[in-house]
Amino acid sequence: MGLQYEEDRSLSARLKREIRNPSMRSIAIVIVLVVIIASAPFAPTWFSQTKSGIGEVTEGHDLDRASKLPENDLKDAEVAPWFVEQTQIMIDSTGPLGWKAANFRVGPCLAENLADMAPGPYTDSMKQACVSMAEIQGRFGRDCILASNCNVGEPAKVELRAVAETVIAAHAAAGYTQ
C-alpha cells in the first residue's frame with residue numbers, strides 16, 4: 001500500500017497554499033501591485049506636469065505658430081532680403097542643416113502670408129521664388145543628405161543664384177531699397 005496524496009485543486013485551497021508558501025512570481029506580482037496602488041494618487045499630477053513640461057519644450061517647434069509671421073514684424077520689403085539670405089545659406093551649406101535651413105512651404109512662403117502682401121508683380125515673383133526654391137531644395141537634396149559628404153553642386157548653385165537675382169530684380173522694380 002503506497003502513500004497516496006490527492007491535492008485539492010479548488011481556488012480556496014490553492015490560495016491557502018500560495019499564502020503559506022509563496023512563489024517568486026507571486027511575490028513580484030504583490031510588489032508591483034503595492035507600488036501601483038501606492039503611486040496611484042500621485043499619477044494625475046505626474047501626468048499633468050509631464051504634459052505641461054513637454055508642451056513647454058515643444059512650444060518653440062510648433063510649425064503652425066512658427067509658419068505664421070507676425071503681421072507687424074515682417075513687411076513686404078523684407079521678404080526678398082530673406083530669400084537672398086536663404087539662398088546664400090544654401091549655397092554655402094556644408095551639411096543637411098544648412099541645405100534645409102528654411103522650409104519654402106511655410107514661413108514667408110505660406111499661402112496666408114503671401115496673401116497678406118500687396119498684390120502685384122512683386123508678390124507674384126515672391127510666390128514664384130517660393131516654388132522655385134522648394135523645387136531646387138527637393139531636386140538637389142540628395143547631394144546633401146549626409147553631413148560627411150554634403151556637396152552642393154554647381155548646377156544647384158547656378159539655379160539658386162538665378163532665383164536670388166530674380167528676387168533682387170523684383171525687389172528693386174517694386175521700389176524697395178536694400
Side-chain angles (χ1 to χ4, degrees), residues 36 39-40 42-178:
I36 289 173
S39 63
F42 306 108
T45 307
W46 292 339
F47 287 127
S48 64
Q49 287 177 348
T50 302
K51 186 177 177 181
S52 67
I54 290 173
E56 289 173 9
V57 170
T58 59
E59 189 175 310
H61 302 289
D62 187 12
L63 283 180
D64 288 339
R65 220 169 354 112
S67 65
K68 292 184 173 79
L69 297 173
E71 295 172 8
N72 299 332
D73 289 347
L74 188 71
K75 300 189 177 22
D76 292 357
E78 296 170 340
V79 176
W82 178 82
F83 270 111
V84 173
E85 179 183 349
Q86 296 309 314
T87 56
Q88 194 58 45
I89 289 171
M90 290 173 70
I91 289 170
D92 297 338
S93 68
T94 57
L97 293 177
W99 181 254
K100 293 199 174 211
N103 185 345
F104 296 102
R105 289 181 171 75
V106 296
C109 292
L110 190 67
E112 296 168 7
N113 293 332
L114 288 170
D116 289 342
M117 295 175 68
Y122 179 72
T123 303
D124 294 339
S125 63
M126 293 305 115
K127 288 178 184 176
Q128 182 57 40
C130 289
V131 171
S132 299
M133 293 294 280
E135 180 188 84
I136 292 168
Q137 198 175 42
R139 204 163 10 108
F140 295 103
R142 67 183 176 277
D143 297 338
C144 200
I145 293 175
L146 301 173
S148 60
N149 65 355
C150 179
N151 188 12
V152 179
E154 197 56 38
K157 291 179 181 181
V158 168
E159 288 189 35
L160 287 169
R161 286 185 189 108
V163 171
E165 289 171 6
T166 304
V167 167
I168 290 170
H171 187 70
Y176 300 123
T177 58
Q178 254 182 313

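Heavy atoms only, all atoms of each residue included: Gln137 and Phe104 are closest at OE1-CD1, 3.6 Å. Nearest heavy atoms, Asn113 versus Pro108: CB-O, 4.0 Å. Annotation for Val84 and Thr87: closest pair O-OG1, 2.7 Å, computed over non-hydrogen atoms. Taking all atoms of both residues into account, the shortest heavy-atom contact from Leu114 to Cys109 is CD1-O, 3.6 Å.
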Residues Val79, Tyr122; criterion side chain to side chain contact (heavy atoms under 4.5 Å, CB included); working and verdict:
CA-CA 10 Å; Val79 176; Tyr122 179 72; 4.1 Å; yes
Would Ile91 and Arg161 satisfy side chain to side chain contact (heavy atoms under 4.5 Å, CB included), going step by step from the backbone distance to the final call?
CA-CA 8 Å; Ile91 289 170; Arg161 286 185 189 108; 3.8 Å; yes
Report the C-alpha distance between Cys130 and Phe83 in whole Å, list the side-chain angles of each, state the deciding distance to 0.1 Å, and finish with yes or no for side chain to side chain contact (heavy atoms under 4.5 Å, CB included).
CA-CA 9 Å; Cys130 289; Phe83 270 111; 3.4 Å; yes
Using the side chain to side chain contact (heavy atoms under 4.5 Å, CB included) rule, take Gln88 and Leu160 through it: C-alpha gap first, then chi angles, then the decisive distance, then the call.
CA-CA 8 Å; Gln88 194 58 45; Leu160 287 169; over 6 Å; no
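Going from atom CD of Gln128 over to atom CD of Glu135 covers 8.5 Å, rounded to the nearest 0.5 Å. Here the CE-CD1 distance, from Met90 to Ile136, works out to 7.0 Å after rounding to the nearest 0.5 Å.
Taking the side chain as every heavy atom from C-beta outward, His171 and Pro81 approach each other to under 4.5 Å. Contact of the Glu154 side chain with the Val158 side chain is registered, since non-hydrogen atoms from C-beta on lie closer than 4.5 Å.
Under the rule for a ring-ring contact (aromatic ring centres under 6.0 Å, His included), Phe140 has no partner lying at least two apart in sequence or in another chain. By the side chain to side chain donor-acceptor pair (under 3.5 Å) test, Ser125 pairs with no residue at all, sequence neighbours left out. Among residues two or more places apart in sequence or in another chain, the side chain to side chain donor-acceptor pair (under 3.5 Å) test is passed with Glu165 by none. Glu159 is linked by a side chain to side chain donor-acceptor pair (under 3.5 Å) to Arg139, counting only residues two or more places apart in sequence or in another chain. Checked against side chain to side chain donor-acceptor pair (under 3.5 Å), Asp124 has no partners two or more places apart in sequence or in another chain.
For Gln49 and Thr45, the side-chain atoms include no donor-acceptor pair closer than 3.5 Å.
Listed by first and then second residue, the salt bridge (charged side-chain N to carboxylate O under 4.0 Å, His left out) pairs involving residues 86-111 amount to none (not counting sequence neighbours).
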